Each structure stands twice: as structure tokens, then as C-alpha cells.
Amino acid sequence: MPILRIAVAKPLRTTFDYLPPLDCDDASIAKLQAGTRVEVPFGRAQLVGILVSRAPESEVNQTKLKRATRIIDPISLLPKPLFELCLWASQYYAHPIGEVLTLAFPPLLRKGVETNAPHNAIKLTPEGHLAPQGILRSPKQAALIERLQSHEATRSALKAEGFSSGIIKALIDKGLAMPCRIEDTEFSPSESGPQPTLNSQQQFAVAQLSQQTGFKASLLYGITGSGKTEVYLQTIANTIASGAQAMVLVPEIALTPQTAARFQGRFGATVGVLHSGLTETQRAREWERARTGKLQVLLGTRSALFTPFQKLGLIVVDEEHDSAYKQQDGFRYHARDLAVKRAQIEQCPIVLGSATPSLETISNVNIGRFEQYTLSTRAKAASLPSWQIIDVRQQRLEAGLSQTLLDACHDTLGKGEQALLFLNRRGFAHTLLCHDCGWVAECDNCDSRMVIHKRHNRLRCHHCQAQKPLPKTCPSCHSSHWQGVGYGTERAELALQSLFPHTPIHRIDSDTVGSASQLDHILDAINANQTGCLILGTQMLAKGHDLAKVTLVGIVDTDALLFSSDFRAEERLGQLLTQVSGRSGRGDSPGTVMLQTHHPDAEIFHQVIHQDYMETASSLLHARHQTGLPPFGQIVMLHADSKDPSEAERFLNSARHTLTSSLPKNHVLIGPLPAPLSKRAGKFRYQLTWLAPHEKNLHRFVHVIADTLTRLPHKSELSWAIDIDPHDFL
Ligand code: ADP
Ligand code: ZN
Ligand code: ZN
């Protein structure tokens with residue numbers, strides 16, 4: 001008796017064996033493909049599971065096996081390469097297969113809805129179109145024929161117009177009408193003007209990228225505003241011309257209606273958009289259009305990566321350095337990394353674009369795995385801004401703003417121009433800083449700063465076990481003017497309102513902007529402004545939005561990143577400063593960037609100001625190489641969270657014990673240590689960091705630990721997770 005191996009969307013690292021449904025004969029079972037949805041009884045519930053494989057028999061006693069309820073899809077909706085990607089991802093990230101496979105279906109289909117179910121509309125058959133007037137005795141039926149002559153209509157629209165389901169059925173029974181599906185509302189390509197003539201670097205990139213067949217990964221390195229998107233658009237045009245589809249991934253924040261409009265302006269109705277703001281029906285429709293080849297370009301955020309395509313010919317990952325591509329909970333995948341894997345499986349080219357590429361990607365270029373194309377000039381004749389560092393030590397700050405910066409804002413507004421103030425709210429105030437001399441608490445054993453753990457009133461190092469009590473006075477100047485780094489945008493906004501009572505102030509952060517369309521509205525208002533305004537915001541502003549009238553960029557406070565315990569902090573800082581400064585002087589007037597800091601001599605600032613981003617990146621890479629950190633080594637993070645203050649630590653200690661005995665000598669385990677954010681949602685959080693040299697068999701050990709953790713006894717309220725290549729160390 002053949003067995004169906006089914007994965008269900010539960011945090012269980014196994015598949016379950018079922019007998020086929022009763023009405024299934026052996027021949028149809030033999031035809032079932034992996035990825036087919038199957039409804040199964042699970043505990044007391046009926047679940048939508050996904051067929052992973054068929055097996056001749058089960059290890060479970062046949063009499064104990066339950067029978068699957070029904071096969072939902074006559075043929076698998078997941079193309080083979082996508083199924084393969086899911087399996088690979090489940091292995092690589094040591095994440096339950098059922099939860100991974102589920103991601104490949106839109107929420108509506110996860111509930112078991114059939115794809116061909118939404119025959120939501122009615123249209124005339126050829127006979128219906130030709131039916132002579134007066135053939136129908138029922139005036140209502142005749143009216144419906146009349147109504148459907150020009151185009152089809154949804155059942156609900158027809159009901160609202162007074163056509164009952166009986167009337168509709170009568171026409172269908174007579175062969176005059178038939179059910180159909182209404183495709184998407186049509187976008188008419190908006191007037192986008194002629195496409196620009198590419199400069200020689202753009203031409204070269206488009207020509208090379210369009211030539212690629214099979215798997216090939218490339219970095220498109222182009223400074224902000226250098227015309228990367230134009231390169232994507234023209235390469236995609238070639239992909240489409242060859243009869244294939246393209247997938248474009250962007251970070252959540254970058255997917256505004258403006259971005260979508262730019263693609264739709266070029267390619268019209270064949271562009272689909274997938275993001276978390278859509279309704280379930282819209283998502284299912286875009287997914288289906290991609291799967292059946294009805295759309296040519298899919299523009300989406302992180303999870304759009306798992307969309308099936310009929311013929312995928314190109315993948316673009318824009319702003320590839322953006323950490324929004326890493327999922328921070330549940331299935332902790334990195335969409336850029338998986339996109340590269342997908343391109344490899346699908347045998348298609350992939351382009352990663354950025355003005356500030358990640359060190360991982362640069363390293364891949366260095367070792368010859370990726371090709372690099374460079375755009376080194378701005379597409380529109382705008383010059384790069386000039387920099388000024390403001391030393392704020394001992395200066396009086398108004399909600400974090402120095403007098404020098406405020407004066408510069410006055411001047412800018414006086415000229416009717418716009419000033420953008422960037423206040424990074426990322427990072428907690430985890431650095432103990434002396435306001436009088438700039439002294440910062442550092443670890444005696446490592447080149448790293450110590451993190452304040454308020455609950456324990458102590459400083460701790462996350463790279464070794466060092467810890468000490470919080471000092472009362474500064475060891476360097478004996479002052480007791482301690483500062484927790486960081487001002488929120490809200491406080492800065494209030495201060496600005498009283499300082500500039502007649503100036504419009506636009507605050508852009510996750511508290512004021514709830515959706516992409518809201519962001520679009522604010523950006524429109526800013527672009528329409530003629531008399532000068534202030535823009536205040538978080539990293540939401542750092543993305544590729546075009547703000548032509550901004551001539552002053554003030555970077556209020558990035559000191560927190562200087563002292564973050566995250567090993568990527570300097571890389572992020574370099575990226576952030578480069579991206580934010582790129583917001584200045586995009587129009588005709590040259591721009592100025594003012595950077596406030598307590599550490600005017602910090603090397604990273606001078607690197608960003610005086611060097612090309614790539615030079616900065618290369619010295620950062622050098623440091624990573626020396627410490628064996630990614631991309632030269634690999635990190636796996638084990639998390640445990642528990643309400644009981646000691647349970648999580650105990651749990652990870654047992655994990656450490658198991659690992660120590662099975663790991664090679666050159667692997668390093670750090671911890672368990674309390675997470676920097678040591679309590680969240682009522683749970684105490686601990687981390688065990690595992691630093692490994694880059695090696696292919698790492699995930700053999702990962703699976704050992706996943707199995708061990710699964711079996712380790714613990715209180716039921718404790719939760720644990722494995723994060724491969726983590727980006728979030730909080
Ligand atoms: P990026 O994606 O690198 O930020 P974009 O592709 O958005 O750059 O280009 C920035 C601006 O320059 C856009 O308004 C775009 O239409 C314009 N642009 C791009 N390439 C050219 C070109 N070859 N000639 C003229 N304008 C261009
Ligand atoms: Zn001091
Ligand atoms: Zn240390």
C-alpha cells in the first residue's frame with residue numbers, strides 16, 4: 001500500500017505518513033507530484049498538508065495510519081525548482097519543512113481553497129454572442145444576454161443589478177453563457193515619457209546582463225541616483241522579449257506606489273505586485289498570475305521570493321544590503337541569499353543592486369563567484385554633497401540638535417530649500433558615554449564595547465565573559481555626566497516645532513507612517529513644497545526616495561552604532577551614512593551633509609567622507625578576515641526565551657554541553673549570555689553564539705543540535721530557535 005509523506009504547517013521537524021484517500025486508485029497516486037496540497041486529519045483538526053514524497057510503505061504500523069481526506073490539487077501547484085528551493089531552505093536553516101512549504105502558497109490557498117475555484121464571473125459563449133434577439137422568452141434572461149454583450153461581469157455585480165442566480169444558471173444551462181474568471185483590473189501604462197538613453201556604463205551592464213543564460217550572479221554597484229533601476233528596467237525588457245518572466249525584490253519600505261508605478265509605466269498590466277498590505281484575494285490572484293505565466297514582472301518584498309513562476313528568466317534584488325531581507329523570527333531566512341540559491345536552481349541570472357553592497361556580496365565578487373558592474377556617475381547632472389563634521393562634545397543640544405545644525409537649517413529654509421534631519425532610532429541606548437570627554441565603556445579583553453544591562457546594573461561584553469558594575473564616575477575625567485545615547489524623533493519634532501513655528505515639518509518614522517501609500521502622500525507633499533520645509537525621520541528616509549529639493553542633510557545621532565555590540569555595526573553605519581547623504585543635492589543645487597558626533601575622530605566617518613564606499617568596505621572586510629567573522633566564518637545563534645529567569649540559561653547550557661562534545665576544535669561557542677535586550681514580552685532571553693569556520697558540513701552539526709534541542713527536556717513555556725547567519729543580535 002503506497003504511503004503519502006505529508007508536511008503540515010506546524011513547528012515539527014518531521015513529515016507524517018498517511019494512507020491515500022479511499023477514492024484514489026494506485027494509478028492516480030503514482031502520478032501525484034511533490035508539492036500537491038492534501039487535506040489530512042491531524043489531531044482533532046483537518047489541516048491542509050503538502051505532499052513531500054510517496055513511499056512504498058511506512059515505518060508506522062499500517063493499522064495506526066490515518067487516511068488522507070482528499071487530494072486538493074489535481075496537479076502540484078509548486079513547480080519543481082520552487083519545491084526544491086523550499087527543501088533546501090528547510091535544510092539550510094534547520095526549519096520545519098511544513099512551515100517552509102506553506103510560505104510558497106498565498107494565505108488563501110493555505111486554507112485549502114482551490115485555485116480554479118474563483119470562477120467568479122460570467123461571460124457569453126460564442127452561441128450567446130450570436131443569439132438572435134427574441135430567442136429567449138424570459139425578458140430577464142434576454143436582459144442578461146444584452147448586459148454581457150460588451151464584456152463579462154462578476155456574479156456579485158450581476159446580483160446587485162437584479163439578476164438572480166436562477167437566471168444566470170438558466171443561461172448557462174442553455175449553453176449561452178459560461179463561468180469564467182475576471183483577471184486583474186487592467187493598469188493602463190501611465191505616461192512615463194520615452195525611456196532615457198543609457199550612458200555607456202548602463203549600456204554595458206544591460207548588454208552583459210541580457211546576454212546571460214543559465215545561472216550567473218552579478219552585483220550592480222551604482223552610487224545613489226546612478227540609474228540602477230533604469231538598468232533593471234531595460235534588462236527586464238529583454239527578459240520579457242525572450243519570453244521569460246522576471247522577479248524583482250525590494251525592501252518593504254522601498255515598495256511604494258511610486259516604485260510600482262515606475263514598473264507599471266514601463267510594462268503595463270503585466271506587472272504584478274506582492275506585499276503584506278494586500279488582501280488575501282489580491283495576493284492569491286497575483287500568485288496565480290505569476291504561476292500561470294500571465295504576468296511578466298513580479299515586484300515584491302521578502303516573501304515574494306517564494307512565488308511560483310511558469311518561466312523565471314531573471315531575478316533582481318534591489319538594495320541587496322538591506323537587512324529587511326532577513327526574517328527576524330519564525331523561519332529566519334535571508335531572501336537575498338535564497339534568491340541566489342533560487343537562481344541557481346532555476347538556472348537563471350540574478351542581479352543584486354546597491355550603492356552600498358553588503359560585505360558578503362563584495363566578498364563574493366572578490367572570490368570570483370559574482371560578476372560586478374559599476375555605475376560611477378549620477379544619471380542626472382547632480383554633484384555629490386560636501387561633508388561637515390560637527391563635534392557636539394560639551395555643546396548644548398536641543399533635543400539632540402546642535403546650534404550649528406539649527407543655524408544651517410535656518411539658512412536652508414531661508415533660501416526656500418529643504419533640510420532633512422536623520423535621527424537613527426535603531427539601536428537601544430546601550431552605550432555608556434561620558435558627555436564631557438566622550439569616554440566609552442569598553443571591554444578589557446576584546447576590541448568591543450560593553451553593553452549596559454540595566455536589570456543587573458552591570459556592563460557586559462558579548463564577545464567574552466567579562467562583566468563589571470556600572471561605574472559611578474568617568475574613569476577618564478571623573479565627571480558624572482553620563483549619557484545614554486539616543487533621542488527619539490518625536491522629541492526632536494516637538495523641539496523643531498517651537499524653534500521653527502512657521503515651517504512645515506514632516507516626520508517620517510514607523511509611528512507616523514503606517515503604510516506605503518501614507519509614505520507616498522508625505523513624499524508627494526514634500527516634493528510639492530515650494531517654500532522650504534523640514535523633514536525628520538528614521539532609516540525609512542535612507543532608502544532610495546527621490547527628494548529633489550533637499551540641499552541639507554543633518555545626521556543627528558549615529559554614535560549608538562559606533563558602540564553597538566553587533567559586529568555589522570560599522571558596515572551598517574557606512575551604508576547608512578552613504579545612503580542618507582545620497583538624499584542630498586539630487587536636484588540642481590549641490591548639497592551639504594552635516595554629521596553630529598561625540599567622536600569626530602572616529603575612523604569610519606573619515607572613511608565614508610574621504611573614500612569611495614568600496615574602499616571603506618574593503619578595510620572593513622580586512623577586519624572581518626582577521627577576526628574570522630562573516631563572510632569569512634559563519635555564525636549560528638541559538639536563542640532561548642523563558643519566563644523563568646534561569647530556565648533559558650539552563651537550557652542553553654545543556655545545549656552547549658552537547659555541542660562541545662561533537663564540535664571540531666576550531667569552532668567557538670560564546671555563552672549562554674543574556675541577550676542585550678534581556679527581557680522581552682515578559683520572557684528572559686539568552687543566546688548561545690556559535691562561530692564556525694566556513695565549511696560545507698556545518699549544517700550537519702546544525703541538524704545534530706536541532707535534534708538535540710528538540711529532545712532536551714524543558715519547561716513548556718520555554719521557546720528556542722536556531723538562527724543561521726543571524727543579523728539581529730538583540
Ligand atoms: P538608482 O536606482 O540608481 O537610484 P534611478 O534608475 O532611479 O537610479 O535613476 C535616477 C534618476 O535618473 C531617475 O529619475 C531616472 O529616470 C534618471 N535616469 C536614469 N538613467 C538615466 C539616463 N541614462 N539618462 C537620463 N536620466 C536617467
Ligand atoms: Zn569623561
Ligand atoms: Zn570581551
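Note that this is a predicted model, so its numbers are computed, not measured. What you see below is based on every heavy atom in this structure, not just the backbone, and it leaves out hydrogens, waters and symmetry mates. Ligands are counted one by one from 1 in listed order, and the atoms in each one are counted from 1 as well. For the single chain, residues carry numbers from 1 onward in sequence order.
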Side chain to side chain contact (heavy atoms under 4.5 Å, CB included) partner of M247, the single match among L299, L305, I350: L305

Ligand-side contact atoms (ligand 1) for residue partner S226, heavy atom cut-off under 4.0 Å: 3 (O), 8 (O)

Atoms in ligand 1 flagged as close to N199, the criterion being non-hydrogen separation under 4.0 Å: 23 (N)

Ligand 1 contacted by G222 (non-hydrogen, < 4.0 Å): no

More than 12 heavy atoms from other groups under 6.0 Å of CD on E603: no

Q203 contact mode with ligand 1 (heavy-atom cut-off under 4.0 Å): neither

N, O or S atom of C474 closer to the Zn ion (ligand 2) than 2.8 Å: yes

Test: E360 and R568 ion pair at under 4.0 Å: yes

Near-ring test H599/F563, centroid separation under 6.0 angstrom: yes

Under 2.8 Å: N/O/S of C437 next to the Zn ion (ligand 2): yes

D436 bridged to R393 by N-O distance under 4.0 Å: no

For V206, the option from T235, L233, I236 that meets side chain to side chain contact (heavy atoms under 4.5 Å, CB included): T235

Ligand-side contact atoms (ligand 1) for residue partner T197, heavy atom cut-off under 4.0 Å: 22 (C), 23 (N), 24 (N)

Per-atom contacts, ligand 1 versus G227 - under 4.0 Å to a heavy atom: 1 (P), 3 (O), 5 (P), 6 (O), 8 (O), 9 (O), 19 (C)

Side chains of Q607 and S619, donor plus acceptor under 3.5 Å: yes

L198 neighbourhood, listing ligand 1 atoms whose heavy-atom distance to it stays under 4.0 Å: 23 (N)

2.8 Å cut-off met by an N, O or S atom of C477 to the Zn ion (ligand 2): yes

